[in-house]
Amino acid sequence: MTRVDATAPQVTDPTDPTEVALSPTYRRFVAIGDSWTEGVGDPDPTRPNGLRGWADRVAEVLATRSADFGYANFAIRGRRVGEILDEQLDPALALDPDLLTIQGAGNDLLRATVDIDALVEAIDAAVARATAGGARVVLFTHGAAASGPFRALRGRIAIFNELLREVVDTHDAVLVDNWRLREARDPRYWDADRVHLSPLGHHRAAMHVLDTLDVVHDVEAWDLPETTAGGDGLRAQLEWTRTFVGPWLLRRVTGRSTGDGVTPKRPSLATI
């Protein structure tokens with residue numbers, strides 16, 4: 001099992017040939033998941049779906065280490081675990097990845113009721129399939145956002161995370177432990193909707209993934225902008241509720257999703 005202490009400094013030197021030689025190399029990186037893996041909150045009009053995101057950023061580093069590197073990303077915003085596994089897992093495994101990231105459950109945990117045991121059992125079965133096929137599988141605990149709906153779900157998230165750790169233990173998977181990354185509670189890492197990561201957040205998430213994989217890299221942390229006053233005031237809360245919570249509730253009532261009509265941004269292995 002691979003874990004990382006988010007409070008400990010990562011000792012890597014991208015200029016040290018010995019460390020670079022010991023750093024793992026991946027040639028087929030495939031990502032599946034929801035909006036977090038698709039890259040929502042990190043806009044880039046030059047990219048598929050108009051998004052960059054942490055997975056693209058990780059792929060950009062991995063591509064420098066292999067001449068025949070390929071990257072695919074099937075993630076689609078709004079997807080729940082069952083949809084992610086039903087729609088994305090088979091095409092992902094068909095690409096024979098040596099690195100597969102499986103991320104999700106945020107959209108499930110936001111529902112009024114959720115069977116957390118069933119969620120984790122489904123993920124466990126998916127990890128078993130992927131590892132049997134030779135992929136190194138990466139899973140993610142959920143962190144509690146600085147504010148917004150996830151902040152009120154810390155107990156539910158903690159139970160999901162603890163059960164997910166058992167999956168990691170069972171299959172010798174890699175765990176990117178966002179729950180213990182206290183730095184990520186800073187609101188400057190979050191988008192205006194308080195649910196998705198900002199470009200700063202996606203950049204930091206990519207560093208966290210690379211460090212957890214023990215990949216030597218030269219990605220450096222960005223300086224955070226100064227905080228602005230009034231972000232948690234009553235007027236800001238009302239504006240956030242009107243802009244984000246209202247439309248979210250309407251989608252729940254009407255059975256619609258932000259992912260309706262959205263297709264995978266990178267459905268085949270390609271260079272990046």
Side-chain angles (χ1 to χ4, degrees), residues 26 28-63 70-110 119 122-123 126-127 129-130 135-143 145 150 160 164 173-176 178 190-191 193 195-199 201-206 208-210 212-213 251 256-272:
Y26 300 99
R28 295 178 304 279
F29 168 34
V30 180
I32 66 175
D34 57 28
S35 57
W36 194 68
T37 295
E38 188 188 355
V40 172
D42 190 13
D44 184 339
T46 68
R47 304 201 177 216
N49 291 12
L51 300 170
R52 190 181 183 189
W54 69 266
D56 280 23
R57 295 170 184 271
V58 168
E60 290 160 17
V61 173
L62 298 180
Y71 162 56
N73 188 328
F74 292 92
I76 293 178
R77 68 200 74 175
R79 293 298 193 258
R80 300 166 71 180
V81 165
E83 295 167 324
I84 292 168
L85 300 181
D86 289 345
E87 300 169 6
Q88 302 175 24
L89 183 62
D90 282 345
L93 295 180
L95 297 178
D96 193 25
D98 53 12
L99 179 66
L100 174 69
T101 59
I102 301 176
Q103 171 275 324
N107 294 302
D108 299 87
L109 295 171
L110 274 171
L119 281 184
I123 294 171
V127 175
R129 283 187 60 194
R136 191 176 194 195
V137 179
V138 179
L139 299 176
F140 303 81
T141 58
H142 282 275
F150 283 109
F160 172 83
L164 195 72
V174 177
L175 181 66
V176 175
N178 294 315
W190 296 90
D191 192 34
D193 64 8
V195 173
H196 298 103
L197 295 173
S198 66
H202 279 282
H203 180 85
R204 183 65 185 86
H208 193 27
V209 172
L210 291 167
T212 304
L213 288 170
R251 288 195 299 271
R256 291 181 292 131
S257 168
T258 54
D260 292 345
V262 178
T263 57
K265 60 191 280 188
R266 297 181 180 273
S268 59
L269 289 172
T271 58
I272 183 170

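Predicted, not measured: the structure shown is a model, and the values here were computed from it.
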**Study point:** Mutual orientation of the aromatic rings belonging to Phe29 and Tyr71 [parallel < 30°, tilted 30-60°, perpendicular > 60°]
**Key:** parallel

Review point. Just by distance, do the side chain of His202 and the backbone of Asp56 share a donor-acceptor pair under 3.5 Å?
Key: no

Check your understanding: Looking at residues at least two apart in the chain, or sitting in another chain, which of them share a side-chain contact (heavy atoms from CB on, under 4.5 Å) with Pro91?
Key -> Phe74

Review point. With sequence neighbours left out, what residues match Asp44 under salt bridge (charged side-chain N to carboxylate O under 4.0 Å, His left out)?
Key: Arg47

Check your understanding: Which heavy-atom pair separates Asn107 from Gly78 by the least distance, and what is that distance?
Key -> ND2-C, 3.4 Å

Review point. Counting N and O atoms only, with roles assigned by atom type, does the side chain of Lys265 sit under 3.5 Å from a partner on the main chain of Arg52, one being a donor and the other an acceptor?
Key: yes

Practice item. For His196, check side chain to side chain donor-acceptor pair (under 3.5 Å) against everything at least two apart and list the hits. Key: Ser35, Asp193

Point to revise | Carboxylate-amine/guanidinium contact Arg28 Asp96, below 4.0 Å | key: yes

Check your understanding: What's the shortest heavy-atom distance between Phe140 and Phe160, and which atoms?
Key -> O-CE2, 4.5 Å

Review point. Do Ile102 and Val137 come close enough that some side-chain heavy atom pair is under 4.5 Å?
Key: yes

Exercise for review: In sequence, state the C-alpha distance, the side-chain angles, and the governing distance for Val81 and Ile123, and then conclude on side-chain contact (heavy atoms from CB on, under 4.5 Å).
Suggested key: CA-CA 8 Å; Val81 165; Ile123 294 171; 4.1 Å; yes

Exercise for review: Any chance you could lay out the side-chain contact (heavy atoms from CB on, under 4.5 Å) test for Trp54 and Asp42, step after step, and finish with the verdict?
Suggested key: CA-CA 9 Å; Trp54 69 266; Asp42 190 13; over 6 Å; no

Check your understanding: Taking the side chain from Thr141 and the backbone from Asn178, do they hold a donor-acceptor pair closer than 3.5 Å?
Key -> yes

Point to revise | Side-chain ion pair, Arg80 and Asp34, N-O less than 4.0 Å | key: no

Check your understanding: Between Arg266 and Glu38, is the closest basic N to carboxylate O distance under 4.0 Å?
Key -> no

Review point. Does Gln88 use its side chain to pair, donor to acceptor, with the backbone of Gly33 at less than 3.5 Å?
Key: yes

Practice item. State, to 0.1 Å, how close Asn49 and Thr263 come at their nearest heavy-atom pair, and which atoms those are. Key: ND2-O, 3.1 Å

**Study point:** Shortest non-hydrogen contact between Pro43 and Pro199, atoms and distance
**Key:** CD-CG, 4.4 Å

